[in-house]
Asks: 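Below is a structure I'd like to ask you about.
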Amino acid sequence: MMTTINYQQHLLPLSRQQLVDKLAEALTEDRFHHVLRVEQTAIKLAKQYGVDLEKASIAGLCHDYAKQRPDEDFLREIKEDGLDPDLLNWNNAIWHGIVGAEMVKHELDVWDEDILNAIRHHTTGAPVMSPLEQIIYMADYIEPGRSFAEVVKARELTAKSLTLGVAYQTEQTLAYLVERDLPVYPATILTYNAWVPQNKGEL
Ligand code: GDP
Ligand code: FE
Ligand code: FE
């Protein structure tokens with residue numbers, strides 16, 4: 001069942017429908033539908049884990065807002081905002097969350113730091129994540145459109161414990177990157193160290 005949240009907290013100057021219309025414009029059709037599924041998954045997890053539903057909806061909808069932007073937009077944003085210069089060595093996979101959050105702030109007028117951190121950390125995770133950040137990190141990974149082999153276990157663990165879901169995704173993502181000889185963003189390693197070793201026995 002699809003849940004539509006009525007925005008009442010003025011976390012941005014748009015209704016949900018106006019936000020959805022902007023996202024439909026900013027994203028490819030596939031990416032737009034992914035974002036709607038992440039929103040619904042995030043709302044479900046927010047109900048289960050006692051997190052603000054309006055924040056879950058906004059963060060779920062906005063998490064990939066910048067995904068389709070050209071590299072030059074990210075490079076400009078990194079310089080103008082004085083973000084970590086090491087970001088210049090990375091690519092869209094890393095930028096669309098960390099740098100994309102600044103675009104959400106400036107272009108969609110979202111200033112809530114919990115929502116912005118959920119967007120910033122949705123790809124790499126972080127050593128410390130709020131319940132909302134954990135929910136967006138997991139919702140992106142387990143939304144119903146995902147079909148990789150590990151998603152079944154990821155869904156089971158997340159239904160049982162948000163912490164175990166985060167630990168499992170973090171373990172799988174690092175293994176995936178190493179397996180494919182892809183460079184590992186430093187934050188991804190910090191996330192691994194903070195979440196995986198102490199939960200390994202329960203995964
Ligand atoms: P999506 O935006 O919904 O497709 O999902 P994500 O934002 O979670 O991931 C975007 C891409 O970043 C995926 O292909 C991940 O495998 C990749 N990714 C995640 N962490 C890292 C990392 O540390 N290094 C690199 N190179 N890629 C990563
Ligand atoms: Fe993403
Ligand atoms: Fe996503």
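Numbering of residues begins at 1 and proceeds along the displayed sequence. Note that ligands are numbered from 1 as they come in the structure, with each ligand's atoms numbered from 1 the same way.
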Asks: Would you confirm whether Arg146, through its side chain, and Asp140, through its main-chain N or O, come within 3.5 Å as a donor-acceptor pair?
Replies: yes
Asks: Take atom NZ in Lys67; do more than 12 heavy atoms of anything else shown fall under 6.0 Å from it?
Replies: yes
Asks: Look at the side-chain heavy atoms of Ile, Leu, Val, Met, Phe, Trp and Tyr, link any pair under 4.5 Å apart, and say whether Ile142 and Tyr168 land in one connected group.
Replies: no
Asks: Any heavy-atom pair between the side chains of Lys47 and Thr3 that's under 4.5 Å?
Replies: yes
Asks: Sub-3.5 Å donor-acceptor pair from the side chain of Trp95 to the main-chain atoms of Leu75, do we have one?
Replies: no
Asks: Could you check whether any side-chain N or O of His34 sits under 3.5 Å from a backbone N or O of Asp30, counting only pairs where one atom can act as donor and the other as acceptor?
Replies: no
Asks: Would you check if the side chain of Gln169 reaches a backbone N or O of Tyr137 as a donor-acceptor pair within less than 3.5 Å?
Replies: yes
Asks: Might you list the protein residues in contact with ligand 1, defined as having a heavy atom under 4.0 Å from one of its atoms, sorted by chain and number?
Replies: Arg31, His34, Asp64, Lys67, Ala93, Ile94, His96, His122, Thr123, Asp140, Arg146, Tyr176, Leu177, Pro183, Val184, Tyr185, Thr188
Asks: Strictly under 2.8 Å of the Fe ion (ligand 3): which protein N/O/S atoms qualify?
Replies: His34 NE2, His63 NE2, Asp64 OD2, Asp140 OD1
Asks: For the aromatic rings, using the six-membered ring if either is Trp, is the centroid distance between His63 and His121 under 6.0 Å?
Replies: no
Asks: Would you indicate whether Glu25, at its atom CD, is surrounded by more than 12 heavy atoms from other residues, nucleotides or ligands within a distance under 6.0 Å?
Replies: no
